[in-house]
There are 2 protein chains.
Amino acid sequence: MTPSPVSDLGGFLKEQRQQAQLSLRQLAERSGISNPYLSQIERGLKKPSGEILQALAKGLRISAEQLYVHAGLLDADPSGGERSALDVRTAIRADPLLTDRQRGVLLDLYASFVDDEPMRSS
Amino acid sequence: MTPSPVSDLGGFLKEQRQQAQLSLRQLAERSGISNPYLSQIERGLKKPSGEILQALAKGLRISAEQLYVHAGLLDADPSGGERSALDVRTAIRADPLLTDRQRGVLLDLYASFVDDEPMRSS
DNA sequence: GCATCTTGCTAACTGCAGCAAGCATACTGT
DNA sequence: ACAGTATGCTTGCTGCAGTTAGCAAGATGC
């Protein structure tokens, strides 16, 4: 975990907590986690799960996504060339108007256009 | 964890894996996790961390956000079904990895699956 | 037929997330 | 002064995430 401001979850948590004028114990109680554990997270000694991050976001009255970004679970800005490839696949797979077979055909065709490795043929 | 399709991570993972025509071991290897663990996740016996979900998304070539939604770490996109059709078209049009010709082929194919009227060629 | 490989799973194990109990220090009220 | 409270942290513990070693069954090639 690099100590850069963007990815420093603990530092960000401490900053948000202080901005909300909450003690470590108050935030821990509001979030439903133990205060020693919160202390360890803020000091970068422990690495919390997504559920703990959700609980902390709730206690801080901020979005969980913000904490996921600092924890490295989400990208800050989703734009970018490589992300677009994932969007097409994601959109096809999520489309309720397509049958499974149609979905497979579209995905295969897309893969043949974009990938070096097409999907395995049955 | 309710067994509804929206929140059933294991079922969703298995479905995506089968759609991608990967064996359990192939996906585990592509994702960099152990195959018994993947088996346990698919059967709902274990609850993976965000990092494992990221790795699985990478192995499946889908967005991690989709898996977070199924794992209950993110809310699903609040827009409705009609939006899905726009998403696939939008995603294809915006994809920088596709040539104009490939884009046209994909859009026409999609339209033939979903619409009665194929896209008019420009 | 047999040998080999693939597949999904079981069982035992290790490391760490997250907790409870409690410490040391600072602050407040009498 | 002292007692009580608040604060952030230390320590030891438990449960579970995630792994390795290996099993049973099915598939494949000779």
Side-chain angles (χ1 to χ4, degrees), chain A residues 1-3 7-60 62 64 66-74 117-122, chain B residues 1-3 7-60 64 67-74:
Chain A
M1 180 81 77
T2 60
S7 62
D8 180 17
L9 174 66
F12 179 73
L13 273 173
K14 187 164 185 178
E15 186 185 306
Q16 292 296 311
R17 175 171 64 81
Q18 288 172 337
Q19 266 189 9
Q21 294 183 340
L22 297 167
S23 72
L24 191 140
R25 287 189 189 216
Q26 285 170 334
L27 178 57
E29 190 174 337
R30 272 166 65 144
S31 305
I33 74 169
S34 72
N35 71 76
Y37 191 51
L38 177 55
S39 172
Q40 287 168 328
I41 294 165
E42 285 191 358
R43 289 175 288 131
L45 299 181
K46 297 285 172 86
K47 185 181 175 67
S49 65
E51 281 78 21
I52 295 286
L53 291 174
Q54 271 188 320
L56 286 169
K58 196 166 183 180
L60 284 167
I62 62 172
Q66 232 178 338
L67 292 184
Y68 297 158
V69 167
H70 284 280
L73 295 181
L74 276 182
E117 291 178 299
M119 286 300 178
R120 176 198 310 258
S121 59
S122 62
Chain B
M1 180 76 80
T2 59
S7 61
D8 180 17
L9 174 67
F12 179 74
L13 273 172
K14 187 164 186 177
E15 186 184 308
Q16 293 297 311
R17 174 169 67 78
Q18 288 172 338
Q19 265 191 15
Q21 295 182 334
L22 297 168
S23 72
L24 192 140
R25 286 190 188 217
Q26 285 170 334
L27 178 57
E29 191 176 335
R30 274 167 66 143
S31 305
I33 74 166
S34 71
N35 71 78
Y37 191 50
L38 176 55
S39 173
Q40 288 170 326
I41 295 166
E42 285 191 356
R43 289 174 289 129
L45 300 181
K46 296 285 172 84
K47 186 179 174 64
S49 65
E51 282 77 20
I52 294 287
L53 290 174
Q54 271 189 320
L56 286 169
K58 197 167 184 180
L60 283 168
L67 291 185
Y68 296 160
V69 167
H70 285 281
L73 296 180
L74 275 183

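Every chain is numbered from 1 and lettered A, B, ... according to where its sequence line falls, protein lines coming before strand lines. Basis for what follows: all heavy atoms, side chains included, without hydrogens, waters or symmetry-related copies.
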- Message: If you only use heavy atoms from C-beta on, which nucleotide in D/dA17, C/dG8, C/dC23 is closest to the side chain of B/Y37?
- Response: D/dA17
- Query: Passes side chain to side chain contact (heavy atoms under 4.5 Å, CB included), B/Q18 versus B/Q21? Steps please.
  - Reply: CA-CA 5 Å; B/Q18 288 172 338; B/Q21 295 182 334; over 6 Å; no
- Message: If you only use heavy atoms from C-beta on, which nucleotide in C/dG18, D/dT19, C/dT7 is closest to the side chain of A/S49?
- Response: C/dG18
- Task: Take atom CD of A/Q21 and atom C1' of D/dA6, then tell me their distance rounded to the nearest Å.
- Result: 16 Å
- Task: Name the orientation class of the two ring planes belonging to A/F12 and A/H70 (parallel below 30°, tilted from 30 to 60°, perpendicular beyond 60°).
- Result: parallel
- Message: Which residue is it: A/D8, A/I62, A/L60? I am looking for the one with a side chain to side chain contact (heavy atoms under 4.5 Å, CB included) to A/L13.
- Response: A/L60
- Mind calculating the distance between CD1 (A/I41) and P (C/dC16) to the nearest angstrom? 16 Å
- Message: What's B/I52 touching, base or sugar-phosphate or nothing? Going by heavy atoms closer than 4.0 Å.
- Response: sugar-phosphate
- Note on the structure: Rounded to whole Å, CZ of A/R25 lies from P of C/dC23 at a distance of 13 Å
- Message: Just to be sure I understand the rule, does A/I33 reach a base, reach only the sugar-phosphate, or reach nothing, if contact means heavy atoms closer than 4.0 Å?
- Response: sugar-phosphate
- Message: Nearest heavy atom decides the nucleotide; on that basis, is B/K46 or B/E42 closer to the 5' end of DNA chain C?
- Response: B/E42
- Out of C/dG8, D/dC9, C/dC19, minimum distance to the side chain of A/Q40 belongs to C/dC19
- Query: Any donor-acceptor pair under 3.5 Å linking the side chain of A/Y68 with the backbone of B/L73?
  - Reply: yes
- Query: Tell me: CD of B/E51 to C1' of C/dC16, nearest whole Å?
  - Reply: 13 Å
- Item | N or O in side chain of B/R43 less than 4.0 angstrom from C/dC9 OP1/OP2 | yes
- Nearest-angstrom distance from the residue atom NZ of A/K47 to C1' of C/dC19: 20 Å
- Task: Could you please name the option among C/dG18, D/dG8, C/dA20 that lies closest to any side-chain atom of A/P36?
- Result: C/dA20
- Message: Below the 4.0 Å mark, does D/dT7 have OP1 or OP2 next to a side-chain nitrogen or oxygen of A/S23?
- Response: yes
- Message: Could you tell me how far apart A/Q18 (CD) and D/dT7 (P) are, to the nearest whole angstrom?
- Response: 13 Å
- Rounded to whole Å, the CG-P distance (B/L38 to C/dG8) equals 9 Å
- Task: Look at all strands and tell whether B/S34 reaches a base, only sugar-phosphate, or nothing, counting heavy atoms closer than 4.0 Å.
- Result: base
- Would you indicate, yes or no, if C/dG8 has its OP1 or OP2 atom less than 4.0 angstrom from a side-chain nitrogen or oxygen of B/R17? yes
- Task: Supply the atom-to-atom distance A/R30 CZ to A/R17 CZ, rounded to the nearest 0.5 angstrom.
- Result: 12.0 Å
- Query: Between atom CD in B/Q26 and atom P in C/dC5, what is the gap in whole Å?
  - Reply: 17 Å
